[in-house]
There are 2 protein chains.
Amino acid sequence: MATGRTHRPATRSRGIPEATVARLPLYLRALTALSERSVPTVSSEELATAAGVNSAKLRKDFSYLGSYGTRGVGYDVEYLVYQISRELGLTQDWPVVIVGIGNLGAALANYGGFASRGFRVAALIDADPAMAGKPVAGIPVQHTDELEKIITDNGVSIGVIATPAGAAQQVCDRLVAAGITSILNFAPTVLSVPDGVDVRKVDLSIELQILAFHEQRKAGEEVAAPEEGAGAVSPPPVSPHRAPPGAPGADSGRQGPDGDVPAVMPA
Amino acid sequence: MATGRTHRPATRSRGIPEATVARLPLYLRALTALSERSVPTVSSEELATAAGVNSAKLRKDFSYLGSYGTRGVGYDVEYLVYQISRELGLTQDWPVVIVGIGNLGAALANYGGFASRGFRVAALIDADPAMAGKPVAGIPVQHTDELEKIITDNGVSIGVIATPAGAAQQVCDRLVAAGITSILNFAPTVLSVPDGVDVRKVDLSIELQILAFHEQRKAGEEVAAPEEGAGAVSPPPVSPHRAPPGAPGADSGRQGPDGDVPAVMPA
DNA sequence: ATGTCTTTGTGAACGCGTGCACAAAGATGG
DNA sequence: CCATCTTTGTGCACGCGTTCACAAAGACAT
């Protein structure tokens, strides 16, 4: 999961737990697949398997939405697709803007999963004047100067940030000032936003690091970890030189502070 | 976070909670930034703010790693960077292979955040013969036929799947059979893997849908929904009882019955 | 040394999320 | 109409994660 929510402590919207909301898209995907195969109904067991979750959890999730099932039979696929879509707000059109048309931004612009879910790429924005007018995924890139106008003219409320880390906060501030209230952030930075603005982040690097952690653990299981100092080893002021990976280090020379340039895109 | 973990119920690796592991990369990023600015020490309060978390949570997280701070002073930045890197397994080289070099795969191959964290792209693999030999991000693409050989020859244990949804499971099976034990999946499909294999998934579409949910709720707050609670009155926008599809009518039209099309990667 | 001040590390309480297990609801067959 | 069988919906218990709040530990000044 390359995700991470931000803020929004416990405002359980109208009783639907955040964890449940996060799974609804999963159910929707599985249901859509069934719908395409013209399957009329599914049991919680079948659907749960298709969505990769526990059936009890699925039933409990659906119970928050209402009683849409039929005991002894299961759930009507089409009806459920509609209900979940409505709950998620996918029955309406959501114009989005993508800021930062680099490798990642371009990949996002070409992403086919947008339109099929009610999301419409209203505009592509980049700070590089050379990019202006150049079409990406059939949409001409516009310069950052137009940002505010684009957002207000199109009534955009969701913005995607795919810029380098250094520019993210600045872009974010402008988006928010222009009226954006939901942001999907691909830049490896913590964005600070005023209350009322939602931010979700996707960071591939983080996901890989989590995998590495487990991978290391698996590998170390056979060798039996050396347990290191049992007693609390007081932190010696002597900063142990950070062991640089045997790889071609010297990465931080690429650019700004963090040198991170996000590049992600779910298929 | 466009993230979502999979499996691994409660195997808290050596006592470090999964939630804590997921935050370590966040701390590491903030610490690295401080390190580059030559800041010698930070308090839990400062670091927490930089990482976007609560200070109490941060201290508790660090407590699982050991006592690396100094009361009254804070944490030694360099030392902590090293400890966390080591804990995450980033002090060693992790060769990874990327399968599926479409828009997404190419973006990933160009991602600068890999090398800087100890990850090295060992190979790019695609099923399209026309792609073979073509360099992407300086690395020549190899055909799927070579998959097994590439993995065993390079001792790769982490694989990234960026193929269309339809090919994901098949690719996954081959990766696992070849010895891969950690997979980062960008395809919108639930992968089934044997025990011992970790899968993490990133799905942009899901993140956007979650944002849409909250966005819709924000918009609806002004209209103030009429409580509707008590009697569990199933909201029948279409039909009270198990009404068949019927949905499209009220729907924003546009998309056909299918609507979804499992995010078929443009490739 | 001694006292004061800062910040960590953690015990404990609390709340959310998960999964079990079962009663209720409805379908189905006789 | 009744019996049986399937599957939902949910009460309940449990465990993880979060947060509070404070004692302990050390820095620093006197």
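The sequence lines fix the lettering, A, B, ..., with proteins before strands; numbering per chain opens at 1.
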Kindly say if [X] contacts the phosphate of [N], meaning a side-chain N or O under 4.0 Å from OP1 or OP2.
{"X": "A:K60", "N": "D:dT10", "result": "no"}
{"X": "A:Y68", "N": "D:dT7", "result": "no"}
{"X": "B:Y64", "N": "D:dG17", "result": "no"}
{"X": "B:S44", "N": "C:dT7", "result": "no"}

Does the side chain of [X] come under 3.5 Å of the side chain of [Y] through a donor N or O and an acceptor N or O?
{"X": "A:R59", "Y": "A:S44", "answer": "yes"}
{"X": "A:E78", "Y": "A:S35", "answer": "yes"}
{"X": "A:E215", "Y": "B:T181", "answer": "yes"}
{"X": "A:S205", "Y": "A:Q209", "answer": "yes"}

Could you tell me the separation between the [atom1] atom of [X] and the [atom2] atom of [N], rounded to a whole number of Å?
{"X": "A:K57", "N": "D:dT10", "atom1": "NZ", "atom2": "C1'", "value": "17 Å"}
{"X": "B:L47", "N": "C:dT6", "atom1": "CG", "atom2": "P", "value": "20 Å"}
{"X": "A:D61", "N": "D:dT10", "atom1": "CG", "atom2": "C1'", "value": "13 Å"}
{"X": "B:I16", "N": "D:dG17", "atom1": "CD1", "atom2": "P", "value": "12 Å"}
{"X": "A:D76", "N": "D:dT7", "atom1": "CG", "atom2": "P", "value": "16 Å"}
{"X": "A:L65", "N": "D:dT8", "atom1": "CG", "atom2": "C1'", "value": "14 Å"}
{"X": "A:R23", "N": "C:dC16", "atom1": "CZ", "atom2": "P", "value": "15 Å"}
{"X": "B:R59", "N": "C:dG11", "atom1": "CZ", "atom2": "P", "value": "14 Å"}

Seminar exercise, completed: Of A:Y75, A:F62, A:Y82, A:Y79, the one forming a ring pair (Phe, Tyr, Trp, His ring centres under 6.0 Å) with A:Y68 is A:Y79
Exercise. Considering only side-chain heavy atoms of A:A19, which listed nucleotide, C:dG26, C:dT18, D:dG26, is closest?
Worked result: C:dT18
For this session: Return the nearest nucleotide to the side chain of B:N54; candidates are D:dT19, D:dA27, D:dG17.
Result: D:dT19
For this session: Pick base, sugar-phosphate or nothing for A:F62, based on heavy-atom distances below 4.0 Å to the nucleic acid.
Result: nothing
Exercise. Can you find a donor-acceptor pair, distance only, under 3.5 Å between A:R71 side chain and D:dT7 base?
Worked result: no
Exercise. 5'-most contact on DNA chain C: A:G72 or A:A56, nearest heavy atom basis?
Worked result: A:A56
